[in-house]
Amino acid sequence: AQTVTQSQPEMSVQEAETVTLSCTYDTSESDYYLFWYKQPPSRQMILVIRQEAYKQQNATENRFSVNFQKAAKSFSLKISDSQLGDAAMYFCAYSKTQGGSEKLVFGKGMKLTVNP
Amino acid sequence: DSGVTQTPKHLITATGQRVTLRCSPRSGDLSVYWYQQSLDQGLQFLIQYYNGEERAKGNILERFSAQQFPDLHSELNLSSLELGDSALYFCASGTAMNTEAFFGQGTRLTVV
């Protein structure tokens, strides 16, 4: 069975600084997708970034980028120029597909605080 | 707006009672997923329906059941409720053609 581990339950960062959220996972599959979801106080689950396992290039979305290490089964999220609106719970997730035709396996989440 | 609608947004009920949570997926999405988010367990997959049929089952208790109707909306039934069932219940929908699964805003269930 696939598992996703987020070992840091909480982190804080100063506004405009950079922070890295860590995630490790376990799977025997060779093709899969990894995701970072953001859950603000509104509780809406918002997809931040996705990574296809077959792509060696790390995904980037504006201020968000990932460091995907397939051999190490590591998938960290870097947030650059942190903003107050980045404060939220962040969940790392795994799926066999990207499009919602397979379930997501989530880590337990990490609470990010952004200090002004 | 994700296009996934969950009702009700909040629900408070007593132990031993039964409740029904409803989810309307995005137009065209055939898969519906139910997830439970609790403080100690994080987000856990409960069950998936695809075009009316059960497709996959996760850590869903026997007291819980779900179904997907011909119009593709889904209901999650929780019975003999216990205090520990208090959680946020999310519905998500998706299809192989999508680039992501889409989540509703969740139903906050409080059992007192």
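Below, chain A is the first sequence line, B the second, and so on; all start at residue 1.
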- Message: Could you check whether atom CG of B:L39 has more than 12 heavy atoms from other residues, nucleotides or ligands sitting under 6.0 Å from it?
- Response: no
- Message: Is it the case that over 12 heavy atoms from other parts of the model lie below 6.0 angstrom from the NZ atom of A:K70?
- Response: yes
- Give a yes or no on whether A:M110 and A:F64 share a hydrophobic cluster (residues Ile, Leu, Val, Met, Phe, Trp, Tyr; joining criterion: side-chain heavy atoms under 4.5 Å apart). yes
- Item | Single-linkage hydrophobic cluster, 4.5 Å side-chain cutoff, A:F35 and A:Y32 together | no
- Message: With side chain to side chain contact (heavy atoms under 4.5 Å, CB included) as the test, pick out the partner of B:L43 among A:M89, A:M45, A:Q39.
- Response: A:M45
- Task: For A:Q56, look at atom CD and say whether over 12 heavy atoms of other residues, nucleotides or ligands are found less than 6.0 Å away.
- Result: no
- Provide the closest heavy-atom pair for B:Y33 versus A:E102 in the form atom of the first, atom of the second, distance. OH-N, 2.9 Å
- Supply the atom-to-atom distance A:L47 CG to B:F102 CZ, rounded to the nearest 0.5 angstrom. 8.5 Å
- CG (A:N62) with more than 12 external heavy atoms under 6.0 Å: no
- Task: Verify the cluster assignment for A:L112 and A:I49: are they in a single hydrophobic cluster under the rule of side-chain heavy atoms below 4.5 Å apart?
- Result: yes
- B:A92, B:G42, B:G106: which one forms the most heavy-atom pairs within less than 4.5 Å of chain A? B:G106
Going by atom type alone, with no hydrogens or angles, which donor-acceptor pairs under 3.5 Å involve a side-chain atom of residues 1-9 of chain A and a protein atom two or more places apart or on another chain?
from : atom 1 : to     : atom 2 : distance (Å)
A:Q6 : OE1    : A:C92  : N      : 3.0
A:Q6 : OE1    : A:G109 : N      : 3.1
A:Q6 : NE2    : A:Y90  : O      : 3.0
A:Q8 : OE1    : A:S22  : N      : 3.4
A:Q8 : OE1    : A:S22  : OG     : 2.6

- Apply side-chain hydrogen bond (donor to acceptor under 3.5 Å, both in side chains) to B:R22 and list each qualifying residue two or more places apart in sequence or on a separate chain. B:H73
- Task: To the nearest 0.5 angstrom, please state how far the CZ atom of B:F103 sits from the CG atom of A:L104.
- Result: 5.0 Å
- Is it the backbone or the side chain of B:L30 that comes under 4.5 Å from a heavy atom of chain A, or both, or neither? neither
- List the atom of B:G104, the atom of A:Q44, and the distance in Å for their closest heavy-atom pair. O-NE2, 3.9 Å
- A:D26 meets the side-chain hydrogen bond (donor to acceptor under 3.5 Å, both in side chains) criterion, sequence neighbours left out, with A:K73
- Item | Sorted by number, residues from residues 44-65 of chain B in contact with chain A (heavy atoms, under 4.5 Å) | B:F45, B:Q48, B:R55
- Do you know which two heavy atoms are closest between B:Q105 and A:R43, and how far apart they sit? O-NE, 2.8 Å
- Item | Separation between OH of A:Y37 and CD of B:E100, rounded to the nearest 0.5 Å | 6.0 Å
- Message: As an exercise, state the distance from CZ of A:F106 to OH of B:Y35, rounded to the nearest 0.5 Å.
- Response: 5.5 Å
- In one Ile/Leu/Val/Met/Phe/Trp/Tyr side-chain cluster, 4.5 Å: A:V114, A:I79: yes
